[in-house]
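The next block holds one structure in the form of structure tokens; read it before the comments.
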Amino acid sequence: MKIGVCVKSVPDTTAKIQVAADKKNIVEDGLKFVISPYDEFALEQALLYKDQDASIEVVAFTYGGSKGQDTLRTALAMGADRAVFISDDSVGSADGLVTAKVLSQALQKESIDVVLTGRQAIDDDNGQVSQMIAEKLSWPYVTVVSQLEMKSGTFLATRDVEGGAKEVWQVPTKSVIACTKGLNQPRYASLKGIMAAKKKQLDVITVSDLGLEKIAPNIEIVDFELPSTERKNKMFEGATQENVDALVKLLREEAKVI
Amino acid sequence: MSSILVYVEHKDQKIKSTSVELLGQALRLTQDTGSDVSAVVLGSSVQNVVAEMANYGVKKVFVCDHEKLAQYHPTHYTKAFCSVLHQVSPTLVLATASAQGKDLFPSVTARKDCAMVSEGVEIKLDHGQINVKRPMYSGRCNAWARIRNGVCAIVTCRPNVFDRYESFQVTQPEVVQVAVEFDSLTEWVCKEHIAGKTDRPDLTESSVIVSAGRSIKDANNFSILEELANVLGAGVGASRAAVDAGYAPHSMQIGQTGKVVNPKLYIAFGISGAIQHLAGMRTSKVIVAINTDKEAPIFQHADYGIVGDMFEIAPMLTASVKKLLS
């Protein structure tokens, strides 16, 4: 069985985001790039299956610009067998659907049996690509999966819905599973793993190698802006009824929220 | 002429307040242009929901009423919604970024080659050009997305971002029944629905949220927040530190690897204000912080704050709000 894991290279969770001068992008220089945390849960899940069954092959896929290759090397160091890097300098302008068209083509070309991904990448926070890949492959999908059990050709996937409610879905292995926190605890790459990763196969291909023409995105990001951070900062000192009543009065009369 | 289609979610035979918010926004967006607003209702035995639609001033309601739609299923709902799109060809679809909306619309988008913007917070229609503002990088940055001309835009909107619409008119909308042949699926099925422990609104849809950090010290201590939440009609959340310490389930976690919330009022008890937590709540309209540490970063991001012990302040706050609302 061949498990395909789609991982995205993103600025780490504590990165300070600055808008580039042309407002069309963020400043990437000086940022540390990591595997998007939800994609790490997907990779770890694939590696857990491989730990149990050595015949399973885990192939990591990234569609990205120049930064993406380093994070694929991290995926190999964690234990993926191979990696496919689809290199595209104009990836920054791709929308979710372009990304899904490219990745689904690459997954198909590698005859992948199962696709695991994160529920969303933490840079553009779209949460679209998993379902779109499934649609392009005509496969079932389950998103926001916090528990996954594989047995005899099927998955039982527990999906987190609203207010702590859950749904348990049964799907065939040929499905796309979008993973969330709670599924597992991703491993760190060991020193041995990092050394081994240097010798593992990392194919670098282009969109045209996949037999695709350049796809025009349906969405263009025209302006980035930093959110306004102005807050009133009115402070009271001390846990007194007087302070609490003053706060409630402000919430009622000034902020008008209660 | 451009038209807007609103996806109406319902629960227990009632239209969800998040969908009413979108219906209002659709009417507001079209009030100058005179474009049509239509709605889509999917489900099984939804006649009450369809009847309730008369309160919201839309021209047409597209209804697909079928037993296969009794529970949400991605493939059936995708098929039903695409059938509606086939009939109406709107320029803009508004839906809620709810568990269902987030799951469904990427699949619809891929099938119909639309343009999908997730988590929209502001929409501008300018001579047929659609621009949508949305947070990125967990709210550390906003981006304006422009939709390619001639492509149907599907925007899943964050709850609580649009002002309340006051001028809904009662109409008798034309009801269009949409017939769909559903596949019979045996391999892709929902085996079990597990109810949540709480009947509070989901955090992502709550208009008021009270939440606590690790200094809550014990899962049972959440009762002091529950009491306040009951008075405010609020949802109850927790920081990652409180979840990791085992005081609250992950479904309550607010922040980068939890839920992103957007209430009108967010009250943080004993939360220091790590960047990952701010990522989940920084767009709240009004933020209140309660913390014993005067230097806690959360105070810089708060509109109002009290330096003091949450265990003393929470009950006082409950009593004070109760008195005000009585």
Side-chain angles (χ1 to χ4, degrees), chain A residues 13-14 17 19 26 37 95-97 100 122-128 131-132 135-136 140-141 143 160-172 181-182 218-227 231-239 241 243-245 247-248 250-252 255 257-258, chain B residues 74 99 102-103 106-107 109-111 115-119 136-148 151 187-198 200 202 249-251 256-257 264-265 275-276 286-287 299 301-309 312-313 316-317 320-321 324:
Chain A
T13 57
T14 56
I17 302 298
V19 175
I26 60 155
D95 59 13
L97 190 51
I122 62 149
D123 52 357
D124 53 24
D125 292 318
N126 271 331
Q128 300 176 359
Q131 299 94 308
M132 289 172 168
E135 172 64 24
K136 290 295 159 202
Y141 65 82
T143 62
D160 292 355
V161 278
E162 281 153 338
K166 291 173 191 292
E167 296 167 352
V168 183
W169 287 84
Q170 185 183 307
V171 288
K181 192 181 172 178
N218 285 341
I219 296 171
E220 183 193 356
I221 300 292
V222 284
D223 250 344
F224 277 100
E225 59 186 37
L226 292 178
R231 292 284 174 185
K232 292 199 180 74
N233 299 125
K234 290 192 183 169
M235 302 269 287
F236 299 94
E237 291 215 21
Q241 189 68 51
N243 284 343
V244 169
D245 288 343
L247 170 66
V248 170
L250 284 166
L251 291 176
R252 175 73 153 201
V257 286
I258 55 173
Chain B
K102 288 178 188 178
D103 192 70
S107 156
T109 302
R111 189 166 302 177
M116 178 169 171
V117 182
S118 302
E119 311 276 333
M136 285 175 64
Y137 299 93
S138 311
R140 280 171 287 169
C141 172
N142 290 321
W144 280 97
R146 178 181 290 166
I147 310 303
R148 191 144 70 104
V151 176
E187 288 204 300
W188 184 4
V189 285
C190 186
K191 302 292 267 190
E192 197 185 347
H193 289 266
I194 304 166
K197 287 197 183 78
T198 161
R200 291 183 192 287
D202 189 65
H250 180 241
S251 61
Q256 189 136 34
T257 47
K264 301 232 186 286
L265 173 61
I275 189 163
Q276 290 88 345
V286 173
I287 296 173
F299 283 123
H301 300 274
D303 295 286
Y304 307 107
I306 301 181
V307 181
D309 184 350
E312 294 175 43
I313 294 172
M316 285 194 249
L317 196 52
S320 185
V321 175
L324 177 81

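Order of the sequence lines sets the chain letters (A, B, ...), proteins ahead of strands, with each chain counted from 1.
Contact of B:Pro249 with chain A is not made at all, since no heavy-atom distance falls under 4.5 Å. Residue B:His301 touches chain A through its backbone alone, counting heavy-atom pairs closer than 4.5 Å. Heavy atoms of B:Ile275 lying under 4.5 Å from chain A belong exclusively to its side chain. For chain A, the nearby part of B:Val151 is the side chain; its heavy atoms alone come within less than 4.5 Å.
Not a single donor-acceptor pair under 3.5 Å links the side chain of A:Glu135 to the backbone N or O of B:Pro106. Remark: side-chain polar atoms of A:Asn233 are paired, donor with acceptor, to backbone N or O of B:Ala302 under 3.5 angstrom. At least one donor-acceptor pair under 3.5 Å links the side chain of A:Tyr141 to the backbone N or O of B:Asp103. With hydrogens and angles disregarded, a donor-acceptor distance shorter than 3.5 Å links the side chain of B:Asp303 to the backbone of A:Lys232.
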Worked verdict on A:Asp125 versus B:Ser138 for side chain to side chain contact (heavy atoms under 4.5 Å, CB included): CA-CA 7 Å; A:Asp125 292 318; B:Ser138 311; 4.0 Å; yes

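Counting heavy-atom pairs closer than 4.5 Å to chain A, the top-ranked of the candidates B:Gly139, B:Ser251, B:Ala115 is B:Ala115. When the candidates A:Asn126, A:Val19, A:Ile221 are compared by the number of heavy-atom contacts under 4.5 Å with chain B, A:Asn126 comes out ahead. Among B:Glu119, B:Glu312, B:Glu187, B:Lys102, the residue making the largest number of heavy-atom pairs under 4.5 Å with chain A is B:Glu187. Contact count versus chain A (heavy atoms, under 4.5 Å) is highest, among B:Thr257, B:Val321, B:Asp309, for B:Thr257.
Within the 4.5 Å cutoff, side-chain heavy atoms of B:Val307 are placed close to those of A:Met235.
Residue B:Lys191 qualifies as open at atom NZ: its count of foreign heavy atoms under 6.0 Å is 12 or below.
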